[in-house]
Protein chains: 2
Amino acid sequence: MKIDSVDLFFLQMPESDPAYKIVRDTLLVRVRAGQCEGWGECEAAPFVSLASFIMPQSHETCRPINAALLGQKIQDPSDIYRLIDLARSSTGHLLQAPHAFSGVEMALWDVVGKSLDEPVYSLLGIKTVHRRLPYVVAPFGETAEETHARVAEMSSRGFHAVKVGWGRFGEGNLKGDREHLVAAREALGPDGRLFLDTGQIWKNNASSALRYRSIIDEANIEWIEEPFHPAATDAYSDFTTLMGSSRVAAGEHLHDVHSALKFLKESRVGVLQIDCGHLGGIAPAHEISEQVGADGVKIINHTYTSHLALSACLHALAGHAGSDLCEYPFNDSSLSWKISRNHLFAGQDGFISLSEGPGLGIQIDLDAVDSYSQDLEIRLSNRVLYSTPTAR
Amino acid sequence: MKIDSVDLFFLQMPESDPAYKIVRDTLLVRVRAGQCEGWGECEAAPFVSLASFIMPQSHETCRPINAALLGQKIQDPSDIYRLIDLARSSTGHLLQAPHAFSGVEMALWDVVGKSLDEPVYSLLGIKTVHRRLPYVVAPFGETAEETHARVAEMSSRGFHAVKVGWGRFGEGNLKGDREHLVAAREALGPDGRLFLDTGQIWKNNASSALRYRSIIDEANIEWIEEPFHPAATDAYSDFTTLMGSSRVAAGEHLHDVHSALKFLKESRVGVLQIDCGHLGGIAPAHEISEQVGADGVKIINHTYTSHLALSACLHALAGHAGSDLCEYPFNDSSLSWKISRNHLFAGQDGFISLSEGPGLGIQIDLDAVDSYSQDLEIRLSNRVLYSTPTAR
C-alpha cells in the first residue's frame, strides 16, 4: 500500500458559527492509500499550513510536504516514523512545517489503523487506556452575571469540570476579576473542578500573576493556564515555586519533542498541555508522554477544534496514567462539531472513552466538509498549484 | 507618515541560474510610506511566508501580517519596535511568522532610514562600524579536482577566505573527504582562511564528528559550521569542549532572540551565525549582538541570497567588534545578484564596508524584479487574496 493522494480542505466558518470567535477556519487533510482513507486536522493558521503542502521547492532541503509523502509506502507504524523523519529532513528552514505536518501525520495513523483494523493507541503499543474526565471551556462574559450564566449552562449539561478565561482578566481590575471567579465557582458548585486560562496576560512577570493568588485560591482554581509567554520560563519557574507545580499549566505552543521536554524542565509546570495539531502529530505527543512517564507531571490534551483532533490527542496520550482529565471541545452547533458524524461522549461515569473503531475512530461528515469548504485556487505561472477538491 | 502598502514579489530562478541549486526562489517585500519606499527579503520558504502576509484571519490572535501593518504610523525607530511587538502579538500560533516578518522588518528600517536620511546602523544607535573580511562559498565538487578548481576560482577572484562544504562530506569516507580538504587548502594557499560547512551531517553524534578531527586539523579549518542538528545542544557542547568553542559555528536556524541566547549558552559554540532573513529582521539580530557583547563569541551574518539581505545583516551587526568576517554571497550572474543595482564590494584592504547611503543603501533593480517575478494569483471565494504586483 502506498500513499496515492494527500488532499487539503480549507474550511471557514460563517460569522454566525458559535465557535467563530475562537477559531474561524481549519484545514482537514485526507490521505488515501489503497482502499483506505485517513483524516487529520491542522489546528493553527490553516491557510499557511496549506501553503506548506503545495509550495514550489525552495532549496535542496526545503521541499513541499506533499512531495515527501506522495507515492511512499505506508503499511505499518514503522512507515509513519520513517515518513516523519523524511518530512523533517526535506522541509529544512520551513518554519511552518510542524504545524502543517500535524494534520497529515494524524491522517497517516488513521489510514494504517483502518488498514490493520486496529485503534491508533494500539498501534502505538499502548496496552491500558486511561479514562479522562472532560472539562469544557466557558469564556468569561462581559459581566460576572454573564460568566455565571455560561458556567451554569455547562453545569446543566452535565459537565463538572469547567475552564474559564480571557476577557479582560488579569489586566489589573482585581475586584472585577474576583467577581467573575466567584460567579464561576458559584455556578459550578463547591465540588466542581474549575480551571483558569489567562492567555499569557502577565507576559514575563511573575509578580503580576502573584497579585491574583488570593482570588485564585478563594475560588479554588485547580490550575492556571498560560500565565506567561512561552519564552518566559523564568517567570514560570518563579510562579510554580510559589503556587506549586501542579497548579500551573502550559504547553499548547509546543511544536517539537525536544523543546517540549526542555520547556517542562525549565518552566517546572506540573501540567503539560499538548496539542497534536501543533506538535507535529500523534507520534511526538506519545513520545513526550513516554519520556515524562509517571513522574508527577500531568499531560493533558489541548484541543479547541474538532473531535478528530480530540481523538488524535487522546490516542497519543492514552497510556499516560498521570492525569484523569481532558480538554473537551463542546460546541454542538459549530463547524468543528459538524465535520464529524460521531463524537466522543462521556459515559455514565462521566468519563470520556476512546472509540474502539479502527484508526482514530472518527467518521468525517463529507457533506459538511464540502459545505464549509472554501473555493480556493492558487495559480503560479499558469500552473494550478491548488484547487479545492471535493470530499464526497 | 504611515504604511500605505506592503507588496510582495515572489521571484523564481530559471534552472540555468548558477544559484538554482542553493536557493530556487525568494520573496522581496516592498513597503511604501509617504514618499519613501523600502525593501526587504525573506530568505526561507518564500511561498509560505507570502501566505503569512495575506492569509485570512484564523482566530482572534492569529491575523495576517499585512493586517497588523497597513495604515500604521512609521516615523522613527520607535515605530518599528512598536510594530514588531504588534506583529508578534497578532500572529499567535502562526509558526511561520518570524520568517515572513523578517522581510518586512528590513523594509521598515530601509523606509525610516530613507525618510530620515540616515543609514540603518545609525538608527540602531551604532557609532563605530567594524569592517569585515568577506568569505565566499565554494561547495565541494564531485571530485577533489573539482573542489580544487572551485576554490582556486574564488582565490583568483581575490578572495582569501573560503567556505567549503556539503556534497557527501562526513558520511564516512574519511580518505575521500580528506582529499577534498587537502585540495581546498592547496588551492587557497597556506595563508588563506578556510571554513567547513557540514550541513548537520552528524545529527546528534559528537563521536562521529570527532573522527574527522585529524583531517580538519591537517587542512587548518578555522571553524566547522553546523556539525549537528540545531536541537542537539549536548552534541554541540561535547564537540566544542574538545575542539574549542571558536572552532564551531552554528545559528542560521534561529528565529528569535530568546532561543538564540539559549542556544548559544547550551551549545557553547564560539561563532554564532545570524540570518536576519530568518530571525525576524534587523532589530533582533542587533539585540543579540548587544546582549552577547564582546565576551569572546563571534557573531557572523549568515547570508546566501542577495546583497539586500547581506546589507541588512551587516547593518544589524555593525557594532559587534567580536568578529572581522562576513559571509559574502557572490554569484555575479545569479538572480540574487541581479535584483540589486549596487553591491557591497571589498575595498583595497580586502574588507567590506557598508554603503553610506540612507536606509540599507541598496538600490533594487526594478526591471530585474519584474522579469523574475512569477505570475501568481490566489483566489478565495471569488476574492483575490493575492496577485503579482509590478515593481516598475
Side-chain angles (χ1 to χ4, degrees), chain A residues 10 12 21-26 43-52 54-62 64 89 91-100 166 199-200 229-233 252-253 255-259 262 266 275 278 304 374-382 385-386, chain B residues 10 12 21-26 43-52 54-62 64 89 91-100 166 199-200 229-233 252-253 255-259 262 266 275 278 304 374-382 385-386:
Chain A
F10 178 67
Q12 276 187 316
K21 276 204 160 178
I22 301 168
V23 54
R24 297 180 175 202
D25 50 8
T26 192
E43 296 212 15
F47 185 83
V48 178
S49 290
L50 182 146
S52 311
I54 54 103
M55 68 174 215
Q57 181 174 341
S58 183
H59 58 72
E60 203 48 36
T61 57
C62 189
S89 64
T91 55
H93 289 318
L94 171 56
L95 215 48
Q96 188 70 15
H99 279 192
W166 312 290
Q200 309 179 14
H229 282 165
T233 45
E252 64 182 86
H253 66 284
H255 55 268
D256 69 274
V257 173
H258 178 81
S259 57
K262 218 161 183 168
E266 292 171 1
D275 195 321
H278 294 169
Y304 57 80
Q374 298 299 306
D375 192 16
L376 174 63
E377 189 178 74
I378 304 179
R379 298 179 77 90
L380 178 65
S381 307
N382 292 320
L385 283 188
Y386 178 85
Chain B
F10 178 68
Q12 276 188 315
K21 274 204 160 177
I22 301 168
V23 53
R24 298 180 176 202
D25 50 8
T26 192
E43 296 212 15
F47 185 84
V48 177
S49 290
L50 183 148
S52 310
I54 53 102
M55 67 174 216
Q57 181 174 340
S58 182
H59 58 72
E60 202 48 38
T61 57
C62 189
S89 65
T91 54
H93 288 318
L94 171 56
L95 215 48
Q96 189 69 16
H99 279 192
W166 310 291
Q200 309 179 14
H229 282 162
T233 45
E252 64 182 88
H253 67 284
H255 55 268
D256 70 276
V257 173
H258 178 82
S259 56
K262 218 162 185 167
E266 293 171 359
D275 195 322
H278 295 169
Y304 56 80
Q374 298 300 305
D375 191 17
L376 174 64
E377 188 178 76
I378 303 178
R379 299 180 76 90
L380 179 64
S381 306
N382 292 322
L385 284 188
Y386 177 85

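Note that the coordinates shown come from a computational prediction; the quantities given were computed from them, not determined experimentally. We name chains A, B, ... by the order of the sequence lines, and we start the count at 1 in each one.
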Practice item. Examine whether an atom of His99(A) lies under 4.5 Å from a heavy atom of chain B, and if so say whether it belongs to the side chain, the backbone or both; otherwise answer neither. Key: both
Exercise for review: Of all the heavy-atom pairs spanning Leu95(A) and Pro98(B), show the shortest one and how long it is.
Suggested key: CD2-CD, 3.8 Å
Check your understanding: Would you say the side-chain atoms of His93(B) and Glu252(A) include a donor-acceptor pair closer than 3.5 Å?
Key -> yes
Check your understanding: Which heavy atom in Ala45(B) sits nearest to a heavy atom in Leu94(A), and how many Å separate them?
Key -> CB-CD1, 3.6 Å
Review point. What part of Leu50(A) gets closer than 4.5 Å to chain B, counting heavy atoms only: side chain, backbone, both or neither?
Key: neither
Revision key, fill the gap. So CD of Glu377(A) and CZ of Arg379(B): to nearest 0.5 Å the spacing works out to 8.0 Å
Review point. With a 4.5 Å heavy-atom cut-off, do Gln12(B) and Pro56(A) have their side chains touching?
Key: yes
Practice item. Counting only heavy atoms closer than 4.5 Å, note whether Thr233(A) contacts chain B via side chain, backbone, both or neither. Key: side chain
Check your understanding: Which distance, rounded to the nearest 0.5 Å, do you find between the SG of Cys62(B) and the CD of Glu43(A)?
Key -> 12.0 Å
Point to revise | side-chain hydrogen bond (donor to acceptor under 3.5 Å, both in side chains) partners of Ser58(B), counting only residues at least two apart | key: Asp25(A)
Check your understanding: In chain order, what residues pass the side-chain hydrogen bond (donor to acceptor under 3.5 Å, both in side chains) check against Thr26(B), with sequence neighbours excluded?
Key -> Glu41(B)
Review point. What class does the angle between the rings of Tyr304(B) and His59(A) fall in, given that below 30° is parallel, 30 to 60° is tilted and above 60° is perpendicular?
Key: perpendicular
**Study point:** 4.5 Å side-chain heavy-atom contact, Phe47(A) and Pro64(B)
**Key:** no
Revision key, fill the gap. To the nearest 0.5 Å, atom CG of Leu376(B) lies from atom CG of Leu380(A) at 5.5 Å
Check your understanding: Is chain B contacted by the side chain of Phe10(A), its backbone, both, or neither, given a heavy-atom distance below 4.5 Å?
Key -> side chain
Revision key, fill the gap. Among Ser259(A), Gly92(A), Ala44(A), the residue with the most heavy-atom pairs under 4.5 Å to chain B is Ala44(A)
Exercise for review: Return the option, out of Lys262(A), Gln57(A), Met55(A), Gln374(A), with the maximum number of heavy-atom pairs under 4.5 Å with chain B.
Suggested key: Gln57(A)
Check your understanding: Counting heavy-atom pairs under 4.5 Å to chain B, which of His229(A), His255(A), Glu60(A), His253(A) comes out on top?
Key -> His255(A)
